[in-house]
Amino acid sequence: MSKRITTFSAFVRQVILLVLVLVGVLALLSIPSYFVLKQYFDIDLLQLAKMAISNPQSVINFMMSTTQNEPTKSLFLFTTFPGFTFAALFSTVFMIWVERKFVAKIQMRVGPQYAGRVEGVFQNFADLIKLLFKEIIIPDKADKRIFIGVPLALMFVSGALLSLVPVGPTTYIANPSVGVILVFALIGLSPIIALLAGWASNNKYSLLGGLRALHQMVAYEIPMLISAVGVVVLSASLSIMGVVQAQSSIWFILLQPLGAIVFFIAILAELERIPFDLPEADSELVAGWQTEYGGMTFGIFQLATYIKFYALAGIFTAFFLGGWYGPSPAPPAFWFILKTFIVMLAMMLPRAVLPRIRIDQLLRGGWTRLMALSFVNLFMALLLVSLGLYHVGGL
Amino acid sequence: MVDLSDITFYVMIVVVIGGAVAALESKEIIYGAIGLAFSFLGVAALFFLLDAPFVAVFQITVYIGAVAVLILFTVMLVREGRWMHDSPGRTGKLAGVLTAAALALSLILAFLASKQLNSSEQSLPNGFNLVYIGQLISGPEAPILEVLALVLAASILGAVMLAKVDREDKP
């Protein structure tokens, strides 16, 4: 730790040092980003600053044009609207508050009440400030590199999942031709992360939580994949956009109710939400593989988990609820977000009413019942197609 | 001008080779497992760059989602890694490096000598995509798929039998 400051000159020296470090860091960050923006996205920040001084209105015009023209449009999509900023704000700031109030109302409690006058709308900001000011404690015997690396890896997986969510026919970030499989490839990374977090913490509870997370995620990934294959069979497309476009006349939840149920349950298990929250298990494992994480590392875990929550609810909407299709006066993105919001509410419902299930019930349910149901669903889809009852685009 | 795909290619080459070196050379065995996972991820990124997303996605699903998880799971139980201590001597290391260099050289020569890579024209048929592969597998090549499915089923059954015998041996 730094020396105790006793004299005024030492204080001045400290301040100068701090300013120099900050300037250096800012220069290291800003100069490369200036050139990357100029080179690849045609945004000249210096010119923009000159424009802002002479004519403020032109900057607003420029901002609007970035959402329309090609190289900057993808940047805008990725960082702002269907991308990271929107998802982070929607899934954490808004949805965590909705979740707390919703669960509280069902359980006849009041929920957050004081921060922000009206029904505690600013409770999350209060929590965020608390998390920012808490010390990040790394246990002595922990594996420090993995311990710090794990929250970032989880963030990476959530962000990659987010880029596959098709919010509208034009407002999407990525549309790979194998998007459906890519979803499962990315979900397959999360057991490694949970296991590593549990192992690196060097704590029994964490390791137990990590092992439970591994078993649970591996068990529920397979029925999830097979129930999604039914959707792929009906839409004859492996890209998520193609799956949504095949639902322009009829939603797949009507043709594949069983698949939708299996997929929904498997999503709940993947997200470790109640009743499948054995890896976290507040009362027995004290948050499982996240036990040793505090302060902002815990904050990053929460952010990543809720972004993943939003992304998987969005993928459920795209697979079964017709994506962005809806009556025309409202924009497609509105319908998509509304449906995603309803799916997220439905996923919060078990949290208010169900107890946690045991590990043997969980594994038996995943490996036998859900697996069998997902195969039945797949055969139903194959029958619909092979008997000629269903063609892409309608019955 | 340097293209973005070029930068990605070189970064991913570093990730693949660095991950492979870490997998072999790291003292802590769990870092080796993580290095292996990174190496697989880099290979998947290279497949994406080559415009083969299907192969890339299955590289991630199978090699990281299954193989790396299995290796990590096993490695967790042997944290000290005592059985890795006897490292090869100097001659053994030299022989390994020479073998690897010879293999790489022969591969590079084979690539350079092959006419398909040197010709700039598209060597694959135009409609060669996922649907075409699917039609091949479900049509003329169906027996191969059936045989592969049988082999896989037999191996799964064998694994289950082995696990079961193990459990009965215990008192």
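Chain identifiers are assigned alphabetically (A, B, ...) following the order of the sequence lines, protein sequences preceding nucleic acid strands; residue numbering begins at 1 within each chain.
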CG of B:D51: more than 12 outside heavy atoms within 6.0 angstrom?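 No, not enclosed.
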Verify the neighbour count for atom OH of B:Y10: are there more than 12 heavy atoms of other residues, nucleotides or ligands below 6.0 Å?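 No, OH of B:Y10 has 12 or fewer neighbouring heavy atoms, counting only those of other groups under 6.0 Å.
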Atom pairs and distances, donor-acceptor, side-chain atoms in residues 30-48 of chain B, under 3.5 Å, two or more places apart:
unit_1 : atom_1 : unit_2 : atom_2 : d
B:Y31  : OH     : A:D143 : OD1    : 2.5
B:Y31  : OH     : A:D143 : OD2    : 3.3
B:S39  : OG     : B:V16  : O      : 3.1

Please round to the nearest 0.5 Å and tell me the distance separating atom CZ of B:F54 and atom CG of A:L182.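 Rounded to the nearest 0.5 Å, the CZ-CG separation comes to 12.0 Å.
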Are there residues of residues 184-193 of chain A that reach to under 4.5 Å of chain B by heavy atoms, and which ones?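 Interface residues of residues 184-193 of chain A: A:A185, A:G188, A:L189, A:I192.
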Ranking B:A68, B:P53, B:G65, B:A56 by heavy-atom pairs under 4.5 Å to chain A gives rank one to B:P53
